[in-house]
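Okay, structure first, notes after.
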Amino acid sequence: MGYTIAQKIIKNHLVSGEMIPGTEIGLRIDQTLTQDATGTMAYLQLEAMGIERVKTELSVAYIDHNTLQAGFENADDHRYIQTVTKKHGVRFSRPGNGICHQVHLERFAVPGKTLIGSDSHTPTAGGIGMLGMGAGGLDVAVAMGGGTYYITMPRIIHINLVGKLSDYVGAKDIILEVLRLLGVKGGVGAIVEYGGEGVASLSVPQRATVTNMGAELGATTSVFPSDEITRAFLAAEERESDFTELSADADAVYDEEYTVDLSALKPLAACPHSPDNVKPVSELQGMKINQVCIGSCTNSSMLDMLTVAAMLKGKTVHPDVSLSISPGSKQVYTMLAQCGALADLISAGARILECACGPCIGMGFSPKSAGVSLRTFNRNFLARSGTADAQVYLVSPETAAASAITGVFTDPTTLGTAPAVQVPTHFVINDNLIEIPAEAEEAKNITVERGPNIKPIPVGKAPETSLSCELVLKVGDNITTDHIMPAGTKILPYRSNVPKLSEFCFTVCDPAFPERAKAKNGGIIVGGANYGQGSSREHAALVPLYLGIKAVIAKSFARIHVANLINFGIVPLTFENPADYDKLSEGCALEIAGFAEGVAKESRLILKNLTSGEEIPLCLHATERQRAILGAGGLLNYTKANG
Ligand code: MIC
Ligand code: SF4
């Protein structure tokens, strides 16, 4: 039996376990990346583990999320990351150099290698045939120290692409179609692998749009073959030597297969408030809009920007629309300026932002009250834009540009023939904003600078012999990490200050939660299916830990979040019978007798609802290693104890 692309990469990096779907495997990690909103924690943890020099082939720290700098906090964090990375052997991508995933794709991603990043969109690198996975900062810190990265061996979903995209239909429409097919839980426990004759018509940045937003399927990652298109992209980036050919064996076996006919695709939009709430743009045609935002790690490549510039050239953005454009990287920005396309965007009335995450993470550009915002981004979770009642739709750059001009939802295919956009065959290469770390000897003399915003990381405790506490919060299905630990301008500055962050925990669902949790000295949270989907932010575990949360009971968990809970010693339990979810209500007194022992070795634990007297069976799906981590009160304690 042959191997799929993902299986080949996994096989080459397998440190422990067997490639049996559903079982734990350990992987050697070649490269890591961090961004500033999660990076501060990752490097604090690297320091806490006593790792002097990173042991990966390449590690890069990007500054792209917290660039609004409304106070000293983020500037201090940036300086911390700049000095700590210089000392420990990590490259530092300065603010202004671009969004981590876009820059990594351009300058560092290598087909056939492994990458983990403290950001859930690390699968962007799958566009070049790399196995890129999002992880919590602590897992990234461990990998930087040369440690193994553990995942559940995924099943492989094959998406067979046939045909060719029509005019004005973009790569975003491919992934929106896949989201329509599979849903936000459809990729959980899986790697989505693309193949078929349609692949050859897609450039690397288009493929990266698709793999980037594969994160929204809940997938471990997504990957494309590495072929002549990949070689040409690497050559255009003056990195042809990084090329290796990579394709699935003809007799590779997939667990699930779907076909997407690119020729039949029409422009699509993900409607509020979920990336899988997908409808054809034609059905939304004519709806009044207030804002358009173009950019983010999903759609900010040269191709995207040139397409938008060609569509806006000589036009004016509709008077009722505010249009923001953030190019993905300094490379894209520079080239837009050099070829004159930037002038076309400016003249049309676009508000040009710096090359960073910006509005995607709610850092500015929040829509008006109840505003309709069309965004080329990857997430439209409730309140993520910074306006609680905004209606955010995720669309392609083509749909975004067309609608920005008309002021209403516009299907771009109604515009006729699309302008021919030529992506340069050679990119401007200038890595002057990537700082090279100090050599080991010189590194000893570097002082790491820490601002007053950096507060100690909470550390977990071993589970209590018997757990008695209150159900402090009950939430529904598909809770995102944006619900648990919101971002945005007011909150993001505190990513290295957990006590302050805790004031915002779960406030999207229940403004009284932080106070209540504190008053009750923590307790248990109950959630529905796919609890913790979305971002990789480990703050969604760290902050509940700080508030005293001992366990989360859910119908099911999202991959990165459950790993983060375990890493910080919060026990993730599932209902043996999901219908028992209805038997629990907020405020009831709960007890798990023999908790510590159960965490150490039982797959079944009994929860007693002391308020109703009912007993509810719970499951703990954890490997020996994960039980040992939980038993130690988290990975930091475990790593310290086990060297
Ligand atoms: C996001 O898109 O939600 C983020 C911000 O990039 C996060 C990371 C974070 O919360 O810092 C992610 O996707 O992992
Ligand atoms: Fe940044 Fe948005 Fe991409 Fe997250 S999804 S890395 S916030 S651009």
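Just so you know, ligand 1 is whichever comes first in the structure, and atom 1 is the first atom listed for that ligand.
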- Message: Once you restrict to heavy atoms under 4.0 Å, what part of D119 touches ligand 1? Side chain, backbone, both or neither.
- Response: both
- Message: Out of all atoms in ligand 1, which are within 4.0 Å of some heavy atom of R537? Include the element for each.
- Response: 1 (C), 3 (O), 5 (C), 9 (C), 10 (O)
- Message: If we ignore hydrogens and angles and just use 3.5 Å, is the side chain of N497 paired with the main-chain N or O of I454 as donor and acceptor?
- Response: no
- Item | For atom 11 (O) of ligand 1, closest protein heavy-atom neighbour | R495 NH1, 2.8 Å
- Got a salt bridge between E354 and K330, using NZ or NE/NH1/NH2 to carboxylate O under 4.0 Å? no
- Can we say E216 and R379 salt-bridge, meaning some charged N sits less than 4.0 Å from an Asp/Glu carboxylate O? yes
- Message: Distance under 4.0 Å to a non-hydrogen atom of C360: what atoms of ligand 2 satisfy this?
- Response: 2 (Fe), 5 (S), 7 (S), 8 (S)
- Task: Look at atom 2 (O) of ligand 1 and say which protein heavy atom is nearest, naming residue and atom and giving the distance to 0.1 Å.
- Result: R384 NH2, 2.8 Å
- Message: Quick test: of every protein heavy atom, which one is nearest to atom 7 (C) of ligand 1, and how far off is it to 0.1 Å?
- Response: S535 OG, 3.2 Å
- Query: If you count the atoms of ligand 1 from 1 in the order shown, which ones are under 4.0 Å from a heavy atom of I361?
  - Reply: 5 (C)
- Note on the structure: among protein heavy atoms, the one nearest atom 8 (C) of ligand 1 is Q35 NE2, 3.1 Å
- Query: Which is closest to atom 5 (S) of ligand 2 in terms of heavy atoms, I99, T298, N378?
  - Reply: N378
- Numbered atoms and elements of ligand 1 in range of H65, under 4.0 angstrom, heavy atoms: 4 (C), 5 (C), 6 (O)
- To the nearest 0.1 Å, how far is atom 13 (O) of ligand 1 from its closest protein heavy atom, and which atom is that? S120 OG, 2.5 Å
- Query: Which of the atoms of ligand 1 are close to T38, meaning less than 4.0 Å from one of its heavy atoms?
  - Reply: 9 (C), 11 (O)
- Taking only non-hydrogen atoms of A37 and a 4.0 Å limit, the atoms of ligand 1 in range are 11 (O)
- Per-atom filter on ligand 2: closer than 4.0 angstrom to a heavy atom of I361 are 7 (S)
- Query: Is R537 salt-bridged to D482, cutoff N-O under 4.0 Å?
  - Reply: yes
- Message: For D77 and N66, which I'm curious about, is there any donor-acceptor pair between the side chains at under 3.5 Å?
- Response: no
- Note on the structure: Here the atoms of ligand 1 under 4.0 Å from any heavy atom belonging to S536 are 12 (C), 14 (O)
- Note on the structure: For H65, the atoms of ligand 2 under 4.0 Å from one of its heavy atoms are 1 (Fe), 4 (Fe), 6 (S), 7 (S)
- Please could you name the atoms of ligand 2 that D119 approaches to less than 4.0 Å, counting only its heavy atoms? 6 (S)
- Task: For atom 3 (Fe) of ligand 2, decide whether C297 has an N, O or S atom at a distance under 2.8 Å.
- Result: yes
